[in-house]
Amino acid sequence: MAKTPIGLEPVVGSLSSSKKKEYRVTNRLQEGKRPLYAVVFNFIDSRYFNVFATVGGNRVTVYQCLEGGVIAVLQSYVDEDKDESFYTVSWACNIDGTPFVVAGGINGIIRVIDASNEKIHKSFVGHGDSINEIRTQPLKPSLIVSASKDESVRLWNVHTGICILIFAGAGGHRNEVLSVVGAENIELSCCCLFPGERDYVDFHPSDIYRIASCGMDNTVKIWSMKEFWTYVEKSFTWTDLPSKFPTKYVQFPVFLASVHSNYVDCNRWLGDFVLSKGTADILQKYPVPECDIWFIKFSCDFHYNAAAIGNREGKIFVWELQSSPPVLIARLCHAQSKSPIRQTATSFDGSTILSCCEDGTIWRWDSVQTN
């Protein structure tokens, strides 16, 4: 397990930038009175790049972004347990390409919803506490990974319903796992020290074996599945009961970053770098004022050209990721609401930004073409 400081002074982005990209509010929906914790576009299937899902309370709702700022409701799932509160949602698919919406929350149960018939495909029971994030493997979208308050990360096969791997134990997290971080800045931290390989909870977009997790213990951990990949392959052909599958424990990460001074509630891969919300050995800092409360997560477009994050005053900061020093390209706000923005979703090409808020609203922002 490697642990090496970078030893560089971070490059800090400025909140006053001359390079601007204009967005305007094109729609606002009031989904309900309960907080909305997550919103995510479907990047799994190119046919549905303009389709997104939200979760809040015991409801999962699927929408479509149409021309002219229109947001159409496609379907809605209401969990049978009225006390359920979903915190996270991700898109996945069956081996035949059927789109799935996967959600989890306070009850610790993962619901896999078949979007083609609006019915439950499978329910995964295994976590001992609430689920904070679910992410999908982009190279094998039948695989998902979940991060839980029970201090573990689990790898699941949505096709067969099997829990393949559990990342926990002697070298695992010592507090609840939040994601794949909370303080005043988003910071770009170099956590990949393996030349020629790409290492997220999050899956690396091009290295099928690596994931990264982060949590309340102030750490970011990178895990490798390479040694256990035969079990991943076996999970696709398993015909016995899922409970009889030889689930394996992965007790030690291949890399540990324990230099954050506070909990880490969001991280994402950017090539061989990790974007995290916290304090670390840093390459670049992307300042985000008033972003010091629990559970605020950022998003990136498909090509990782830009990152968007909200704050507790209802403002969104959009940063260009492919530049150094960091460039703030847009600052979005509206007079109608100052409700905390729990998560943003950025469209495939970055032209649309969605935000879901503490007051149960969804906001749509579209880029304005300028000559």
Side-chain angles (χ1 to χ4, degrees), residues 1-6 90 92 126-127 131-148 150-158 160 162-181 188-215 217-238 245-260 264 266-276 278 280-281 304:
M1 181 166 58
K3 184 179 178 182
T4 305
I6 298 171
S90 187
H127 279 297
I131 295 167
N132 293 316
E133 185 160 63
I134 297 170
R135 300 288 293 177
T136 302
Q137 165 55 255
L139 303 177
K140 277 189 177 292
S142 294
L143 300 176
I144 64 166
V145 67
S146 55
S148 173
D150 68 5
E151 303 181 6
S152 76
V153 174
R154 292 177 180 242
L155 178 71
W156 308 83
N157 187 316
V158 297
T160 56
I162 287 171
C163 180
I164 309 167
L165 301 174
I166 300 174
F167 302 87
H173 286 280
R174 290 293 176 263
N175 207 324
E176 63 179 291
V177 190
L178 302 178
S179 166
V180 254
V181 189
L188 179 55
S189 166
C190 180
C191 287
C192 179
L193 303 177
F194 308 96
E197 295 187 69
R198 290 192 174 186
D199 304 321
Y200 153 131
V201 149
D202 193 20
F203 289 101
H204 192 284
S206 61
D207 183 345
I208 200 169
Y209 302 119
R210 294 194 185 276
I211 64 173
S213 60
C214 61
D217 59 0
N218 305 352
T219 67
V220 175
K221 297 176 186 284
I222 297 177
W223 308 81
S224 175
M225 298 182 285
K226 193 170 186 177
E227 180 183 347
F228 304 92
W229 197 250
T230 54
Y231 293 93
V232 176
E233 294 174 337
K234 185 183 294 186
S235 73
F236 284 92
T237 57
W238 188 259
F245 186 83
T247 302
K248 292 296 179 181
Y249 273 83
V250 183
Q251 296 200 53
F252 296 97
V254 295
F255 179 78
L256 164 66
S258 57
V259 291
H260 290 273
V264 190
C266 189
N267 64 9
R268 296 291 182 263
W269 284 99
L270 179 61
D272 287 336
F273 301 105
V274 174
L275 279 170
S276 63
D281 222 347
Y304 289 84

Next on the checklist: Which heavy atom of W223 sits nearest to which heavy atom of A168, and what is that distance?
Outcome noted: CH2-N, 4.3 Å

Checklist outcome for this item: F245 meets the ring pair (Phe, Tyr, Trp, His ring centres under 6.0 Å) criterion, sequence neighbours left out, with W238

Checklist entry - Which pair of non-hydrogen atoms, one from D150 and one from S152, has the smallest distance, and what is that distance? => result OD1-OG, 2.7 Å

Item to check | Pairwise side-chain contact, L143 with L155, heavy-atom cut-off 4.5 Å (strictly under) | outcome: yes

Checklist entry - Where do N132 and S148 come nearest, in terms of heavy atoms and distance? => result ND2-C, 4.0 Å

Checklist entry - For A92 and I144, which heavy atoms make the closest approach, and how far apart are they? => result CB-CG2, 4.1 Å

Next on the checklist: On a heavy-atom basis, which atom in Y209 and which in K226 lie closest, and how many Å separate them?
Outcome noted: CD2-CA, 3.6 Å

Next on the checklist: So for atom CD, which belongs to E227, do other residues, nucleotides or ligands contribute more than 12 heavy atoms lying within a distance under 6.0 Å?
Outcome noted: no

Checklist entry - Mind checking whether V145 and Q137 have side chains closer than 4.5 Å, heavy atoms only? => result no

Next on the checklist: Before you tell me yes or no, could you show the steps for V250 and F228 under side chain to side chain contact (heavy atoms under 4.5 Å, CB included), namely the whole-Å CA-CA distance, both residues' side-chain angles and the distance that decides it to 0.1 Å?
Outcome noted: CA-CA 9 Å; V250 183; F228 304 92; 3.6 Å; yes

Next on the checklist: For the CD atom of E233 and the CG atom of N157, what is their distance to the nearest 0.5 Å?
Outcome noted: 12.0 Å

Next on the checklist: Quick one, S146 and H127 - any side-chain contact, counting heavy atoms below 4.5 Å?
Outcome noted: yes

Checklist entry - Please walk me through it: do I208 and W229 pass side chain to side chain contact (heavy atoms under 4.5 Å, CB included)? => result CA-CA 10 Å; I208 200 169; W229 197 250; 3.7 Å; yes

Checklist entry - Which value, rounded to the nearest 0.5 Å, describes the distance between I134 atom CD1 and R154 atom CZ? => result 13.0 Å

Item to check | Nearest non-hydrogen partners of S235 and I164, listed with the distance | outcome: OG-CD1, 3.3 Å

Item to check | L165 and T247, any side-chain heavy atoms less than 4.5 Å apart | outcome: no

Item to check | Check: R135 side chain, S90 main-chain N or O, donor-acceptor pair, under 3.5 Å | outcome: no

Item to check | Residues I211, I222; criterion side chain to side chain contact (heavy atoms under 4.5 Å, CB included); working and verdict | outcome: CA-CA 6 Å; I211 64 173; I222 297 177; over 6 Å; no

Item to check | Worked verdict on S213 versus F167 for side chain to side chain contact (heavy atoms under 4.5 Å, CB included) | outcome: CA-CA 10 Å; S213 60; F167 302 87; over 6 Å; no

Checklist entry - Has K140 got its NZ or CZ under 6.0 Å from the middle of the six-membered ring of F236, at an angle within 45 degrees of the ring axis? => result yes

